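Have a look at the structure below, then the notes.
Chain A is the first sequence line, chain B the second, and so forth, proteins listed ahead of strands; every chain is numbered from 1. All values reported here derive from a predicted model rather than from experimental measurement. No hydrogens, no waters, no symmetry mates; every other heavy atom, side chains included, goes into these values.
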There are 2 protein chains.
Amino acid sequence: MPTRKLEKVVSLKDIRVACRECSLIEICLPVGIGQSDLDRLDSIIDRKRPLPRGDHLFRIGDPFQCLYAVRSGSLKTYATSEDGQEQVMGFHLPGELIGLDAIAEGDHPLAAKALETTSICEIPFHDLESLGTQLPSLQHQLLRIMSKEIRDDEHNMVILGQKSAEERLASFLISLSNRFIRRGFSAHQFNLSMSRSDIGNYLGLALETVSRLFTRFQNEGLLRVDRKHIELIDRERLCVFSGARCSHGTPKQHSQHSQHRPSKDQ
Amino acid sequence: MPTRKLEKVVSLKDIRVACRECSLIEICLPVGIGQSDLDRLDSIIDRKRPLPRGDHLFRIGDPFQCLYAVRSGSLKTYATSEDGQEQVMGFHLPGELIGLDAIAEGDHPLAAKALETTSICEIPFHDLESLGTQLPSLQHQLLRIMSKEIRDDEHNMVILGQKSAEERLASFLISLSNRFIRRGFSAHQFNLSMSRSDIGNYLGLALETVSRLFTRFQNEGLLRVDRKHIELIDRERLCVFSGARCSHGTPKQHSQHSQHRPSKDQ
DNA sequence: TGACGTCATTGATGCAGGTCAATTGTATAT
DNA sequence: ATATACAATTGACCTGCATCAATGACGTCA
């Protein structure tokens with residue numbers, strides 16, 4: 001639940017919002033779907049009532065029937081190892097598709113749980129697929145989205161594989177910020193809907209480490225933390241801390257390539 | 001280059017092997033493609049001459065034109081961070097598809113380099129996609145394969161996120177062994193085509209750690225190592241060490257949960 | 001308003017595994 | 001054979017982060 005830049009009130013009443021009117025359409029299906037086709041897509045989509053915080057959208061091993069698109073709120077997906085402890089695999093914001101990993105085997109390898117009150121579009125996969133055979137551009141979009149997912153997962157592997165705790169948390173915050181931007185929310189202020197423990201788990205860190213880093217970042221003037229609320233004060237420098245080209249994001253394109261050594265410009 | 005169980009000689013001469021005659025077809029495209037459709041698929045596939053060890057199939061940023069299927073040999077894919085160091089993202093065996101992460105953005109986010117002499121099927125994506133619009137089962141397969149890739153990446157995140165060095169290497173070996181089994185190779189003996197450094201990088205470990213673990217595993221009678229050659233002596237126990245339900249693979253299901261503390265049984 | 005549970009913060013301590021370094025083994029070229 | 005280059009092993013040391021533990025802050029319910 002980031003702070004809204006524009007007031008886009010989502011009434012809990014009008015569950016029935018057509019895809020063509022949905023403000024998330026360009027995130028959901030970035031390009032290539034015509035208006036008339038959009039109506040056909042809309043016709044197969046089911047919009048359920050909002051999921052309260054803590055409820056599961058699906059659990060591990062549930063049979064795969066539908067893909068889900070987040071309309072508002074947020075969720076986490078997680079696996080559990082045999083000894084019962086969970087591994088958070090991702091956080092999912094409005095406009096994102098969940099369940100792509102279930103297509104292959106016919107059941108969900110992960111569980112999805114609402115981190116706050118969350119509304120969802122339910123997309124029966126069978127219908128989507130047969131609609132896809134009629135609409136090549138939809139089919140193409142689907143492949144693109146899955147490809148993007150793979151790319152994102154690879155990015156996460158880099159973070160888990162070779163970044164320090166500091167770099168991980170910085171990357172995480174920048175990444176969140178970037179995703180909020182795309183959704184029209186503020187890049188510099190947002191609320192974390194997940195706990196420190198979830199963040200730590202997701203980043204492969206202990207929750208204490210996450211907490212310590214937040215205070216460290218705050219002391220260094222990079223951001224301000226108040227409980228769940230985060231304000232990025234020096235996004236620039238946080239990027240440097242994350243040890244990555246923070247490509248997309250705030251419109252600041254001083255063409256500053258050619259200086260890959262961070263060169264402590266702090 | 002695992003040791004062959006069945007003698008399936010692949011002559012370097014007959015580059016032209018139809019999909020329908022390819023022994024990898026059930027790995028490449030597990031189910032659902034009819035014989036006649038297979039010929040149509042075959043017609044768009046290009047088979048180049050083998051790639052020598054060390055050569056790149058593609059590099060980071062190369063424009064995306066084709067997917068690639070490994071026919072023989074093996075490759076690694078890797079990213080490089082701004083400071084030039086590489087992160088190995090995966091190792092790719094015969095029957096596996098490479099390049100799925102490039103569909104979304106139109107360029108390859110990773111580089112792919114042959115670990116040994118390797119032959120490849122080149123599949124122009126544009127052709128594949130338009131063939132897909134005519135063959136729903138092909139389309140479906142493509143989605144399944146991508147979904148599987150996502151699931152595998154998630155599995156890797158678990159490994160990098162919360163497993164110990166020992167568990168990581170054990171998981172890696174078991175996973176390799178499982179993949180060899182599917183390809184008709186020996187489950188208990190194989191050659192690693194990648195260096196210790198590649199393995200370490202892939203698993204988020206220092207190469208020294210990998211080396212130490214190999215000797216430790218050997219001392220504990222789990223396996224035998226000779227340079228690149230690995231012989232799994234006690235696959236059973238290696239599974240336990242990996243701390244995971246080693247589902248697919250050799251049939252063994254002692255249900256021994258409830259002892260998550262390693263309890264130094266060494 | 002107080003009691004309780006959950007989440008977050010902060011401190012103290014220990015260890016797994018990274019880093020540095022030296023040595024050996026293997027492969028290629030000369 | 002010898003030289004060169006690189007891959008792998010092994011040892012010694014050190015540090016980043018996990019772990020354990022105590023305390024504080026907040027929300028909820030009676």
Is there a side-chain contact between [X] and [Y] (heavy atoms, below 4.5 Å)?
{"X": "B/K76", "Y": "B/H92", "answer": "no"}
{"X": "A/D153", "Y": "B/I150", "answer": "yes"}
{"X": "A/I174", "Y": "A/R235", "answer": "yes"}

Subject >> Earlier contact from the 5' end, DNA chain D, for A/R216 and A/D226 >> reply: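 With A/D226 and A/R216 compared, the 5'-side residue is A/R216.
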
Quick one: [X] [atom1] to [N] [atom2], roughly how many Å, whole number?
{"X": "A/L169", "N": "D/dG16", "atom1": "CG", "atom2": "C1'", "answer": "15 Å"}
{"X": "A/Q218", "N": "C/dA8", "atom1": "CD", "atom2": "P", "answer": "15 Å"}
{"X": "B/Q162", "N": "D/dC17", "atom1": "CD", "atom2": "C1'", "answer": "16 Å"}
{"X": "A/L192", "N": "C/dT9", "atom1": "CG", "atom2": "P", "answer": "10 Å"}
{"X": "A/I230", "N": "C/dA8", "atom1": "CD1", "atom2": "P", "answer": "11 Å"}
{"X": "A/D198", "N": "C/dA8", "atom1": "CG", "atom2": "P", "answer": "9 Å"}
{"X": "A/K163", "N": "D/dC17", "atom1": "NZ", "atom2": "C1'", "answer": "18 Å"}
{"X": "B/L160", "N": "C/dG17", "atom1": "CG", "atom2": "C1'", "answer": "15 Å"}

**OP:** Say whether, by atom type as modelled, one donor and one acceptor occur between the side chain of B/Q87 and the main chain of B/A79 under 3.5 angstrom.
**Re:**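 Side chain of B/Q87 to backbone of B/A79: no pair is present.
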
Original post:
When all nucleic acid strands are considered with a 4.0 Å heavy-atom cut-off, which category describes B/A206: base, sugar-phosphate, or nothing?
Top reply: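 If one applies the 4.0 Å heavy-atom cut-off, B/A206 turns out to touch a base.
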
Original post:
Just checking A/G200: base, sugar-phosphate only, or nothing, at a heavy-atom cut-off of under 4.0 Å?
Top reply: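 Result for A/G200 = nothing.
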
Subject >> Under 4.0 Å protein heavy-atom contact, by nucleotide of nucleotides 5-12 of chain D - B base, S sugar-phosphate only >> reply: --SSBBBB

**OP:** Evaluate the ring planes of A/H108 and A/F58, with Trp represented by its six-membered ring, and classify them as parallel (under 30°), tilted (30 to 60°) or perpendicular (over 60°).
**Re:**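 Plane angle under 30°, so parallel.
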
Subject >> Ring geometry between B/F190 and B/F180 (parallel below 30°, tilted from 30 to 60°, perpendicular above 60°) >> reply: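 If you compare the ring of B/F180 with that of B/F190, the planes turn out tilted.
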
**OP:** Determine, using ring centers only, whether A/Y202 and A/F91 are less than 6.0 Å apart.
**Re:**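 Yes, the ring centres sit under 6.0 Å apart.
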
